[in-house]
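Worksheet: one structure, shown below.
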Number of protein chains: 2
Amino acid sequence: MAVSDQTQMAVLGGLSLAPMTGYALREQIRDTLGQFWSESFGQIYPALALLERDGLIERRETVRSGSSIFAVTPGGVQRLRELLAEAPAPEKPRNGLLLRLFFGRQLGADACRQLVLDAQSRAEADLAGLSTVRSEVEADDSADAPFILLTVMAGEHAARATLAWAHDALDVLERQAAATQRLQ
Amino acid sequence: MAVSDQTQMAVLGGLSLAPMTGYALREQIRDTLGQFWSESFGQIYPALALLERDGLIERRETVRSGSSIFAVTPGGVQRLRELLAEAPAPEKPRNGLLLRLFFGRQLGADACRQLVLDAQSRAEADLAGLSTVRSEVEADDSADAPFILLTVMAGEHAARATLAWAHDALDVLERQAAATQRLQ
DNA sequence: ATGGGCATGTAAGTAGTTACATGATTTA
DNA sequence: TAAATCATGTAACTACTTACATGCCCAT
């Protein structure tokens, strides 16, 4: 199956930070890129096979039989730069939360309120997690650190925006509930 | 082909606001839900066929031959409420901008700067568009309006967060460029 | 020795997009 | 009357996920 440019970019990029196994790469993507990117096993291994075939990554032996460390070759770095330079694909958003709120009249104000509270909790948890990541990134003086910090900052701003929105949204829902009650 | 619950929800929801043709529904989804939802023709028509088969929507004749207005039936409203009550599917994020910035060391600080500036422009445009939408929603005294307002507010908070982040990010990139220059 | 985590890979299925084909109606 | 727009629908394709199959290695 064809492997998309997007997936190749994530795989080459991940391996460019440090050579590792496919398994470790998947954990790396889930744990450090998870806030804004996702790849599944079913994408990663075919991508590794393709990139190896094209000489963009190479397999290094490990002590453990049946496993290998993948490292980006000079050609792979070149390819990564080309991929990164492509314009980001326009996103096709699918925000289940906002879709439900949009049709909130059918869902009911109480359920909407609960959805907002859930989003609030998630944003609080994200913010806590990001503060840990920020400390790590700030302690890291590698050349990658300043760029990684940009993505941490994006997560923080987004989470704080969610908290501020949740506050306003609960306000609207409360006033709306009060107005509905008056009509009854 | 199977039509996902998500698509059925968007289609039923859209038609619940007002009966319309499939074509108009697609425009409605693109123009009013576009900030947080997307559906393509290839999904909408099969969904309409399925929902009609199940008696959840009905086809009303129009003057124009070969076209029909679709309206939600009582059973369709019931189904919509069930779908809305399902927990939102966890998002699989794919933010091409943040992925590129994460590997910004390979992309280069100048290109990163340009990406941030582009995001800033888009956020400004979004904010301007949303202020128009907000006026419309505030003037609308239908029962749907307060819920639609919640999604408008979410868009506004997200856009303002992007602007604030862009400011900080340009700062980081500038300081980083200055630091790099000192080393040369 | 066995259960759990590390590791690689494939197959089947799902979801969604794009491009195409067709025709009606309106408008310039 | 020609072009643009409204309208419906399908087929081929792309991308991605999930579940499964397999085996290694370490700790208990």
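No hydrogens, no waters, no symmetry mates; every other heavy atom, side chains included, goes into these values. Chain A is the first sequence line, chain B the second, and so forth, proteins listed ahead of strands; every chain is numbered from 1.
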Cationic tip of B/Arg94 above A/Phe36 ring, under 6.0 Å, 45° of axis: no

Scan B/Ser65 against the nucleic acid and name what it touches under 4.0 Å (heavy atoms): base, sugar-phosphate only, or nothing. sugar-phosphate

Atom-to-atom span, CD of A/Gln8 to P of D/dA15 - whole angstrom: 10 Å

What string of B, S and - do you get for nucleotides 2-8 of chain D, 5' to 3', when a contact is any protein heavy atom under 4.0 Å? ----BBB

Over how many whole Å does the gap from A/Leu50 atom CG to D/dC16 atom P extend? 14 Å

Residues which pass salt bridge (charged side-chain N to carboxylate O under 4.0 Å, His left out) with A/Asp5, listed by chain and number, not counting sequence neighbours: A/Arg79

Integer-rounded Å distance: C/dT14 P and A/Arg94 CZ: 16 Å

Which residue pairs pass the salt bridge (charged side-chain N to carboxylate O under 4.0 Å, His left out) test when at least one of the two sits in residues 43-56 of chain B, sequence neighbours left out? B/Glu52-B/Arg59

Using a 3.5 Å distance criterion without hydrogens, assess whether the side chain of A/Thr151 forms a donor-acceptor pair with backbone atoms of A/Ile148. yes

Expressed as a whole number of angstroms, how long is the span from A/Arg26:CZ to D/dA19:P? 12 Å

Side-chain cluster (under 4.5 Å, hydrophobic types only) that B/Leu163 belongs to, other residues: B/Leu127

How many Å lie between CD on B/Gln6 and C1' on C/dA15, as a whole number? 10 Å

Rounded to whole Å, CD of B/Gln43 lies from P of D/dA15 at a distance of 16 Å

Whether B/Thr62 contacts C/dT25 is assessed here as follows: a side-chain N or O lying under 4.0 Å from the phosphate OP1 or OP2. Is that the case? no

Rounding to a whole Å, what distance do you find between A/Ile44:CD1 and D/dT18:P? 13 Å

Without swapping roles, check the side chain of B/Thr73 against the backbone of B/Leu56 for a donor-acceptor pair under 3.5 Å. yes

Nearest-angstrom distance from the residue atom CD of B/Glu91 to P of C/dA15: 16 Å

Backbone N/O of B/Gly34 and side chain of B/Ser38: donor-acceptor pair under 3.5 Å: no

Between A/Ser4 and D/dC16, is there a contact of a side-chain N or O with OP1 or OP2 at under 4.0 Å? yes

Determine whether B/Glu61 and B/Ser68 satisfy the following criterion, side chain to side chain donor-acceptor pair (under 3.5 Å), listing intermediate values before the conclusion. CA-CA 5 Å; B/Glu61 289 314 308; B/Ser68 2; 5.4 Å; no

Output yes when at least one side-chain N/O atom of B/Thr7 is less than 4.0 Å from OP1 or OP2 of C/dG16, else no. yes

Extract all donor-acceptor atom pairs below 3.5 Å that involve side chains of residues 101-115 of chain A and protein atoms in other chains or at least two apart in sequence.
| residue | atom | partner | partner atom | Å |
| --- | --- | --- | --- | --- |
| A/Arg105 | NH1 | B/Asp144 | OD2 | 3.3 |
| A/Gln106 | OE1 | B/Arg81 | NE | 3.1 |
| A/Gln106 | OE1 | B/Arg81 | NH2 | 3.1 |
| A/Gln114 | NE2 | A/Asp118 | OD1 | 3.1 |

Protein and nucleotides 26-28 of chain D: nitrogen or oxygen contacts under 3.5 angstrom:
none

